[in-house]
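Okay, structure first, notes after.
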Amino acid sequence: MPELPEVETIRCGLEQVLPGRVFAAVEIGYGGSIKDPAAADVMTRLPGKRVTGTGRRGKYLQIFLDDDSVLVIHLRMTGQLVFNEGAAVTDKHTHVVFSFTDGSTLAFSDIRKFGTIWWVPISRLDHIKGLATLGPEPLSADFHFSYLNREVEKRTVTIKALLLNQQFLAGLGNIYADEILHRAQILPQRKARSLSRQERQHLFSAIREVLAEAIECRGTSMSDYRDSAGALGEFQNRLQVYGRRDQDCPRCQKKISRSKVAGRGTHYCTSCQH
DNA sequence: CATTCCTCCTGAGTGC
DNA sequence: TGCACTCAGGAGGAAT
């Protein structure tokens, strides 16, 4: 599932190829992927617009256009966004294909159809609710220890639930929440406010370290994730707990546990996480 | 306001 | 082999 490192990897790939290209056509196989405006509007009005750059907030990918509008794409669980210098490689899960005037294409595919595309003026970006209410970017200076310390203190939920809350912090999903808590040696079912000051500091560092390493590895390809060139990431080879139920903990060699926490399948080591 | 539950969707896995 | 069933999960919205 694409989380911050995967979306950032895709953004980085698109930044290399999209700026300067001009949309020529939009083919829509499943209009449900386009939330706003109506799919027909995108088909008639997007052609002629030129890409000026790319951006990302949390798991929201942004493609900026020369009329001060922006395409916003959220891949949710199984979405993929693949650029091709020629015709798109499509299957029954390809829902939208953007073509550029030079014959190149950008294909949006999504098995579970949870992924969403918006096209809005930059001035109306805050009408996308999930985007408007996002917490700080974990790798930016907006995210600092005193913020985490303050937020953790006032929450009654488990620390796993808090890490998954996009309003607390932008971009974490199920995989990295588990990996971060393992690195910080904190059990996911702990109440957020029960963490000691030292645990909060370990957590703060773990968030930034795990995300930075995952970006360096170009993301985690457990199942569906591919980068903008259709290539796999590498971080699945570095996972310590996620998807490793009953295997040995790399830190202490005890068996990894899995149970449901915050409604999500959650992986942890009862021996070295406390 | 904070939190929990339900919903969207399809493919993979399980049991019979 | 086929069928019914459960599970996986991001996030919006309803319910509590």
Side-chain angles (χ1 to χ4, degrees), chain A residues 1-11 28-36 39 56-62 72-81 90-96 108-118 120 125-135 137-138 150-181 188-194 211 214 219-226 236 239 241-246 256-268:
Chain A
M1 58 219 83
E3 306 179 27
L4 187 154
E6 290 74 34
V7 180
E8 177 61 18
T9 301
I10 292 169
R11 186 206 64 76
I28 299 174
Y30 173 68
S33 296
I34 300 182
K35 179 95 180 262
D36 181 49
R56 179 193 58 75
R57 265 291 275 144
K59 304 173 202 170
Y60 292 81
L61 179 70
Q62 302 163 326
V72 178
I73 299 158
H74 196 307
L75 300 171
R76 309 279 186 204
M77 311 290 304
T78 55
Q80 298 181 351
L81 202 56
T90 64
D91 63 18
K92 64 174 176 173
H93 302 301
T94 306
H95 306 313
V96 182
F108 171 77
S109 304
D110 186 10
I111 291 174
R112 288 183 207 170
K113 297 183 173 172
F114 286 3
T116 307
I117 298 173
W118 300 261
V120 298
L125 264 182
D126 61 352
H127 288 211
I128 300 173
K129 201 173 163 207
L131 184 56
T133 58
L134 280 179
E137 277 297 315
R150 190 180 344 120
E151 289 296 313
V152 155
E153 186 62 41
K154 66 186 193 195
R155 304 302 188 116
T156 62
V157 293
T158 61
I159 189 61
K160 165 101 181 203
L162 185 59
L163 291 181
L164 292 176
N165 183 342
Q166 303 299 298
Q167 294 167 45
F168 161 66
L169 191 62
L172 296 184
N174 206 34
I175 295 176
Y176 295 111
D178 284 3
E179 292 299 309
I180 286 164
L181 288 171
Q189 44 280 87
R190 290 272 301 283
K191 294 289 187 184
R193 59 179 310 172
S194 79
L211 291 177
T220 302
S221 291
M222 287 291 283
S223 50
D224 302 289
Y225 167 68
R226 299 291 183 275
Q236 63 275 15
L239 294 175
V241 286
Y242 186 86
R244 301 190 65 247
R245 167 163 44 179
D246 294 335
I256 304 288
S257 302
R258 183 185 189 279
S259 69
K260 199 156 265 207
V261 180
R264 298 284 177 266
T266 301
H267 312 72
Y268 52 94

Can you tell me if A/Gln166 touches the phosphate of C/dG10, counting only side-chain N or O atoms and a distance under 4.0 Å to OP1 or OP2?
no
Tabulated below should be each protein N or O lying under 3.5 Å from an N or O of nucleotides 6-8 of chain B; please produce it.
none

Would you work out how much the helix from B/dA2-C/dT16 to B/dC16-C/dG2 bends between its ends, with each end axis defined by five base pairs, to 10 degrees?
50°
Residue list, ring pair (Phe, Tyr, Trp, His ring centres under 6.0 Å) with A/Phe114, at least two apart or on another chain:
none
Does A/Arg193 place a side-chain N or O at less than 4.0 Å from the phosphate oxygens OP1/OP2 of B/dA2?
no
Could you check whether the rings of A/Phe108 and A/His95 sit parallel, tilted or perpendicular, using 30° and 60° as the cut-offs?
tilted
Applying side chain to side chain contact (heavy atoms under 4.5 Å, CB included), name anything that partners A/Ile111, two or more places apart in sequence or on another chain.
A/Thr78, A/His93, A/Asp224
May I ask you to evaluate whether A/His74 reaches the phosphate of C/dG12, defined as a side-chain N or O under 4.0 Å from OP1 or OP2?
no
Below 4.0 angstrom from OP1 or OP2 of C/dA8, is there any side-chain N or O of A/Tyr242?
no
Grab the N/O contacts between the protein and nucleotides 3-5 of chain B below 3.5 Å, and write none if there aren't any.
unit_1	atom_1	unit_2	atom_2	d
B/dT3	OP1	A/Thr156	N	3.1
B/dT3	OP1	A/Thr156	OG1	2.2

Closest of C/dG9, B/dG11, C/dG10 to the A/Arg258 side chain is C/dG9
Partners passing side chain to side chain contact (heavy atoms under 4.5 Å, CB included) against A/Thr116 (at least two apart in sequence or in another chain):
A/Lys35, A/Arg76, A/Trp118
